[in-house]
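Notes to accompany the following structure.
Here is how names work: the chains are called A, B, and so on, in the same order as the sequence lines, proteins then strands, and each is numbered from 1. Computed from a predicted structure; not experimentally measured.
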Amino acid sequence: MTTAINLPKEVLEQYEQLHVQSHKDTEVKRLAIVASKGSLDMAYPALILATTGAAMGWEASVFFTFYGLDVVNKKKYRKLQVAPLANPAAPVPIPNILGAIPGMTWMATRMMKFMFKRSNVPSIEQMLQLCNQLGVKLVGCSTTMGVMGVKQEDLLDGVSVEGAAAFLHYASKAQVTLFV
Amino acid sequence: MAEDTFKEDKLVDTRGQLCPMPVIAAKLAANVLASGKVLKLLASDPGSLADVPAWAESCGYHLLKQEKGNGVFTFWVKKG
């Protein structure tokens with residue numbers, strides 16, 4: 001059975017007046033995210049929110065700092081992992097101490113990747129491609145790069161390098177700021 | 001325009017995909033549509049029932065109509 005929900009003309013007109021017109025009057029919204037974690041499970045929220053913001057017509061930027069820098073590191077972004085150790089909600093349901101056994105992180109990572117794939121969730125690589133396609137600005141933290149010995153050429157193409165002041169300046173003009 | 005039939009200029013089928021793919025696929029399709037054209041979006045993610053209207057409003061697009069049936073949500077969105 002198909003249920004049709006028809007919007008009457010008055011509702012459409014009211015909708016246009018309230019939302020579409022008011023949208024035109026305001027400037028483009030902006031989203032600023034700090035991605036500080038380099039694990040598979042923590043890379044997703046930042047990338048999902050950034051691509052969604054861009055798809056909503058917003059300006060979106062992700063500042064990758066500390067371990068988060070791995071998400072845009074050419075040598076590392078395909079190898080992000082999720083650890084069951086100290087993670088009671090890990091995809092491998094085992095007593096927590098067993099998470100310390102070699103191979104458990106590998107297993108949990110494989111299981112999570114399988115679960116994502118089975119649900120048609122894009123891989124991290126595909127999420128980064130979508131960022132590119134939608135114009136999400138990806139920024140590497142210059143301090144992290146200095147501390148960890150990461151060079152500009154180690155980062156994915158299109159990733160710029162900035163410091164805290166540049167991020168804060170951008171974020172000060174954002175309506176939504178998130179720390180992941 | 002007739003009450004319940006909207007002729008779409010572009011069909012986007014995101015059935016079987018989860019958030020954020022319905023709105024991302026819709027946006028990528030809308031980007032290459034001219035103003036005033038209609039996009040028909042199919043989704044099975046229950047979140048899309050809240051997401052698609054929010055996305056349309058955010059982009060300044062008009063949600064003309066939405067339908068629900070057999071676990072599939074159908075949206076007609078006119079590019080503003």
Taking A:Val176 as the starting point, is it possible to reach A:Met56 by hopping between hydrophobic residues whose side chains are less than 4.5 Å apart?
yes
Would one find more than 12 heavy atoms of other residues, nucleotides or ligands at under 6.0 Å from atom [atom1] of [X]?
X: A:Met104; atom1: CE; value: yes
X: A:Phe116; atom1: CZ; value: yes
X: A:Phe66; atom1: CZ; value: no
X: A:Lys74; atom1: NZ; value: yes

I need the minimum non-hydrogen distance between [X] and [Y], along with the two atoms involved.
X: A:Gly57; Y: B:Cys59; result: N-SG, 4.0 Å
X: B:Trp55; Y: A:Ala55; result: NE1-O, 2.8 Å
X: B:Ile24; Y: A:Thr52; result: CD1-N, 4.2 Å

Please round to the nearest 0.5 Å and tell me the distance separating atom CG of A:Asn120 and atom CG of B:Asp45.
11.5 Å
How many angstroms lie between CD in A:Gln126 and CE in B:Met21, if you round to the nearest 0.5 Å?
8.0 Å
